[in-house]
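Values in this document were obtained by computation on a predicted structure and should not be read as measured data.
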Amino acid sequence: MLALSTLSINASADTMCANTSSTANSGTLYDSGGPGGNYGNSENCSFLIQPSGGGTITLSFSQFDTQNADQLRIYNGANASAPLLATLN
């Protein structure tokens, strides 16, 4: 299960693969399994976090677990051409 959350007062929830972006200033991001399940096989999803007004984005992991060679990549920009900040597995 992959669960990413940003810290703040107002919250929204999004699921990668079902949604592709968010302009919310805070919220919770789940893998395709949602808050209680695992992500599916052969998934390749992108999710853009682009809050209105810009600014800094803080990711805080409450749970993180991948299978085999699976990875989560975090980029500093709107797509995978942007500088890579982290590769997590």
Side-chain angles (χ1 to χ4, degrees):
M1 169 189 259
L2 164 67
L4 309 174
S5 63
T6 57
L7 304 173
S8 76
I9 298 170
N10 300 321
S12 66
D14 287 295
T15 303
M16 290 179 6
C17 291
N19 301 321
T20 59
S21 67
S22 175
T23 57
N25 290 325
S26 67
T28 301
L29 178 61
Y30 296 106
D31 62 26
S32 63
N38 295 321
Y39 61 88
N41 293 328
S42 302
E43 289 187 347
N44 185 4
C45 305
S46 296
F47 192 88
L48 176 63
I49 302 170
Q50 191 171 19
S52 56
T56 301
I57 297 171
T58 301
L59 297 176
S60 175
F61 295 85
S62 60
Q63 293 181 346
F64 184 84
D65 187 24
T66 59
Q67 301 280 322
N68 305 313
D70 294 347
Q71 298 178 333
L72 170 65
R73 294 185 186 124
I74 301 171
Y75 295 92
N76 186 18
N79 56 46
S81 297
L84 181 64
L85 295 175
T87 300
L88 309 171
N89 53 8

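Closest approach of Tyr39 and Asp65 over heavy atoms only: CE2-O, 3.9 Å. The shortest heavy-atom contact between Ser32 and Gly40 is OG-N, 3.3 Å. Heavy-atom minimum distance, Ile57 versus Ile49: CD1-O, 3.2 Å. Nearest heavy-atom pair, Pro51 versus Ala24, reported as atom, atom and distance to 0.1 Å: CB-O, 3.6 Å.
A side-chain contact (heavy atoms from CB on, under 4.5 Å) with Phe47 is found for one member of Asp31, Leu29, Thr15, Thr20 and no other, namely Leu29. Checking each of Leu88, Thr87, Asn89, Leu85 against Arg73 for a side-chain contact (heavy atoms from CB on, under 4.5 Å) leaves exactly one that passes, namely Thr87.
The 12-atom threshold is exceeded at CD of Glu43, counting heavy atoms of other residues, nucleotides or ligands nearer than 6.0 Å.
Taking CG from Asp14 and CG from Leu48, the interatomic distance works out to 11.0 Å, rounded to the nearest 0.5 Å.
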